[in-house]
Amino acid sequence: MDDYQDYQLKDLDPQGAEDLIVAIVKQAVTDWKSAKKVLAKHPDSIMASNSQIDCERFFLSPYFCALTGTDGKHILSKLEEDYEHERKR
């Protein structure tokens, strides 16, 4: 049996690869939003702070750009904008 490390996204069915990428990004967005909400109530939460940092690192990484072809800075900017809009409601 082949070693799992030999597989790459290009080896997946195109729809499967797209579904996987969408799921990864959605989870990162969900995790980022959750961290922001916790930090709004508990600014000293190390766990939430680390989660937010990890998500932001992901969005700004070459890996994110390779997966999505999108500028992660733009995504983060939009997330911040949406978050502030939601807070004001």
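- With values rounded to the nearest 0.5 angstrom, Ile75 atom CD1 is found 5.0 Å from Phe64 atom CZ.
- Val38 and Leu76 end up in different hydrophobic clusters when Ile, Leu, Val, Met, Phe, Trp and Tyr side chains are linked at under 4.5 Å.
- With sequence neighbours left out, Lys33 forms a side chain to side chain donor-acceptor pair (under 3.5 Å) with no residue at all.
- Residues satisfying the side chain to side chain donor-acceptor pair (under 3.5 Å) test with Asp71, not counting sequence neighbours, are none.
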Contacts table for residues 43-55: side-chain donor-acceptor under 3.5 angstrom, sequence neighbours left out:
unit_1, atom_1, unit_2, atom_2, d
Ser45, OG, Ala48, N, 3.1
Asn50, ND2, Ile46, O, 3.4
Gln52, NE2, Glu56, OE2, 2.9

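- Not counting sequence neighbours, Glu18 has no partner by the side chain to side chain donor-acceptor pair (under 3.5 Å) test.
- Val25 is listed as a side-chain neighbour of Thr68, based on a closest heavy-atom distance under 4.5 Å.
- For Ser77, there are no side chain to side chain contact (heavy atoms under 4.5 Å, CB included) partners at least two apart in sequence or on another chain.
- Hydrophobic clustering (side-chain heavy atoms under 4.5 Å, transitive across Ile, Leu, Val, Met, Phe, Trp, Tyr) groups Leu67 together with Leu20.
- Residues Tyr83 and Trp32 meet the side-chain proximity criterion, which asks for heavy atoms closer than 4.5 Å.
- Atom NZ of Lys36 and atom CD of Glu84 lie 6.5 Å apart (nearest 0.5 Å).
- Residues Ile24 and Tyr63 meet the side-chain proximity criterion, which asks for heavy atoms closer than 4.5 Å.
- Under the side chain to side chain donor-acceptor pair (under 3.5 Å) criterion, Gln15 pairs with Asp19, sequence neighbours left out.
- For the side chain to side chain contact (heavy atoms under 4.5 Å, CB included) test, residues two or more places apart in sequence or in another chain that qualify with Gln27 are Thr30, Asp31.
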